[in-house]
Amino acid sequence: MFRYIEKEARDSITAALEKLGIKVPPEIKLEEPPNPQLGDLASTVSFELAGKLRRAPIEITADIMSVIETPEIFETIESKGPYINFFVDYGRFSSRLLESIQDDYGSHPPRDERVILEHTSANPNGPLHIGHIRNAIIGDSLARILRMAGYDVETQYYVNDMGRQIAMIVWGLLNLDGDLEDYPGDKMDHRVGKLYFEVNQRLKENPGIRDEVDELIRKYEAGENEELFRKVVEYCLSGMEETMKRLHVHHDRFVWEGQFVRDGTVDRVIESLRKTGYTGENDVLYLDLEEFGLEKELVLTRSDGTSLYSTRDIAYHLQKSEEGDVIIDVLGSDHKLAAEQVGIAVELLGGKRPEVIFYEFITLPEGSMSTRRGVFISVDELMDEAHSRALHEVKKRRDLPDDVADDIAESIGNGAIRYYIARLSPEKHIVFRWDDALSFERGCASIQYAHARACKLLEKASFTGEEDIEDGWKPEGDERELVRLLARFPVVVEESALARRVHPVAQYAQDLANTFNSFYRSTPVIGSDFEGARLRLVDSVRKTLRNALNLLGIHAPETM
RNA sequence: GCCCUGAUAGUGUAGCGGAUAUCACGUAGGACUGCGGAUCCUAUUACCCGGGUUCAAGUCCCGGUCAGGGCACCA
């Protein structure tokens, strides 16, 4: 409906300009005025035309106003200075909007564009920690947004099963006492993390271990110890998957990088790169990208002939190029240089250059995290803490059976975490503080509460969905603002998908909840003259809040 | 040293070159609590510095300052 009123506004201006014999600019600019006294849409065409016509904007506006015809969806068109302001007829508009809102509100028709979206892809050398969480939450939310916007999306987790880090864990298994089960921790990924930490300690004391690890890598690329490597990775990954499941983060496919070495793809990639003429060789084979503005050459193979992460990544990206129309990667900004090198290499070989979404780091107040040094807060810890704090809040307010309270607490805890990350633009550096991440007084819990409140109201009124919208219903004030915001939701989805951004959805959910709460205070629903219309409105808010939260991977409980 | 990214109220944050800069927390008042108070209303305080482009700059360009990151035969 929002797009519809934009179109009506543009059409009316176009018609007016044609009537005046003025050449119509390619795009008629519209914006949303800063306050309701200035209407619902405003156009700045006169500013733009002023330069070309050598006339004052205000005069051009006056001319347009003299001939413009008001489309039926608008009540009036007025000029405020040089602006042309459109005022929506909220009686007509609101009814039409409510008729159009279904369960899947916000969804766009299929776009016939396949997106391969890689995210999380943390190394299986320990549990996910809060440094990884940003990748997972941005990636998963973006996948949901793209799907709602009509894209065909496949999410992939790229599993590093052959890097030095994994080889170190295998070394530990071969050389230290005890099997993985003997390491402390409830979850498999935590045990692997402990072992990894242990091996790092040994390595510090005895640098000679490094050669042994190199030997393991070499042998593995030649096909030895395959089961052992696989076992370690699967073991760790299964623990990580549990965590992601609890966070509501989903991947359609796990792609193991080792496959690209074993099936010869990496060798073929290296051969093809040689043929491009951009490679050079001393002890190692490298790619010289100076011509593309990158001073640092990209090393493709170690001196012992084994491959490197980036080399395998090139092979992986060529595969993704085959699978999708649009390739999106979510990466920490520390990968900027490497990603640029890989992107250029992929293009050299005729693949599609990925769009990369970079995010800045999450650090602890005392500094950065490190799996190697054992300094991190795991996502499991974070979620447990979120749950127990949320449970405390739930119990403080209401007396509920334990299992119900538990479910609600889980939704609220998860919501707090996901919202904490999703609401920020990715280029902001985050310093993690427990009380910021887990605040229930406001933030996500208040959005979930607005949803629960809507549910309760509908239940109380025995809402069926068949209620009629009364004649003469014409929203004003808070109610009008609520209608306006509802109409915007599909636009927010579309724009977020196009910009590959998640946080506008988070902001929108907050705005909608706030506006609904104000409306709830100021406007009676049950027993009012417009009970039918308002119940339909509340139901529409309910659906929209639920769908918006769902885009962020957050569950909206019906009671809390 | 070179490269990338940030800088907006006490704190955290949004902002397509356009009319009075968003939201949240905090603080201080207040409301109502008969559709659930995890509520509502009011007040409060901000675009790092210096140049430039433009009818119009928080937004674009150049130069500083501060902060984070990168510049591996790690990933």
- [ ] Please examine the side chains of A:Val541 and A:Phe519, heavy atoms only from C-beta on, and report whether any two atoms are closer than 4.5 Å.
- [x] no
Open item on the list: Considering every strand and a 4.0 Å limit on heavy-atom distances, what is the contact class for A:Ser307: base, sugar-phosphate, or nothing?
Closed with: nothing
TODO: Please collect all ring pair (Phe, Tyr, Trp, His ring centres under 6.0 Å) contacts where either partner lies in residues 411-438 of chain A, sequence neighbours excluded, each pair once.
DONE: A:Phe432-A:Trp434
Open item on the list: Over all strands shown, is A:Ala338 touching base, sugar-phosphate only, or nothing at heavy-atom distances under 4.0 angstrom?
Closed with: base
- [ ] Quick one: label A:His335 by what it contacts on the DNA or RNA (base, sugar-phosphate, nothing), any heavy atom closer than 4.0 Å.
- [x] base
Task: Contact under 4.0 Å: A:Arg521 side-chain N or O vs B:rU33 OP1/OP2 - done: no
TODO: Using the P atom as the reference point in each nucleotide, state the distance between B:rU5 and B:rC60 in Å, no decimals.
DONE: 11 Å
Open item on the list: Over all strands shown, is A:Arg55 touching base, sugar-phosphate only, or nothing at heavy-atom distances under 4.0 angstrom?
Closed with: nothing
TODO: Identify the heavy atoms of A:Cys455 and A:Glu558 that sit nearest to each other, and give their distance.
DONE: CB-O, 3.6 Å
Open item on the list: At less than 4.0 Å, is any side-chain N or O atom of A:Lys428 found next to OP1 or OP2 of B:rA14? Yes or no.
Closed with: yes
TODO: Fill in the dot-bracket string of RNA chain B, one character per base: . for unpaired, | for a pair to another strand, ( ) or [ ] for pairs within the strand, taking Watson-Crick or G-U pairs under 3.5 Å.
DONE: (((((((..(((.....[....)))((((((.......))))))...(((((..]....))))))))))))....
- [ ] Round to the nearest Å and state the distance from A:Asp511 atom CG to B:rA24 atom P.
- [x] 8 Å
TODO: Would you mind reading off the distance between A:Gln507 atom CD and B:rG15 atom P, rounded to a whole angstrom?
DONE: 9 Å
- [ ] Name the residue closer to the 5' end of RNA chain B, choosing between A:Gln165 and A:Thr44 according to the nucleotide with the nearest heavy atom.
- [x] A:Thr44
Task: Distance, P atom - from B:rC16 to B:rG58, rounded to whole angstrom - done: 13 Å
TODO: Pick the C1' atom in B:rA7 and in B:rG12, then give their distance to the nearest Å.
DONE: 13 Å
TODO: For RNA chain B, determine which residues of residues 410-424 of chain A have any heavy atom closer than 4.0 angstrom to one of its atoms, and list them numerically.
DONE: A:Ile412, A:Arg423, A:Leu424
- [ ] By nearest nucleotide on RNA chain B, pick out whichever of A:Ser368 and A:Ser522 is the more 5' one.
- [x] A:Ser522
Task: A:Glu31/A:Lys29 ion pair, N-O < 4.0 Å - done: no
Open item on the list: Heavy atoms only, 4.0 Å cut-off, all strands: where does A:Ala450 land among base, sugar-phosphate and nothing?
Closed with: nothing
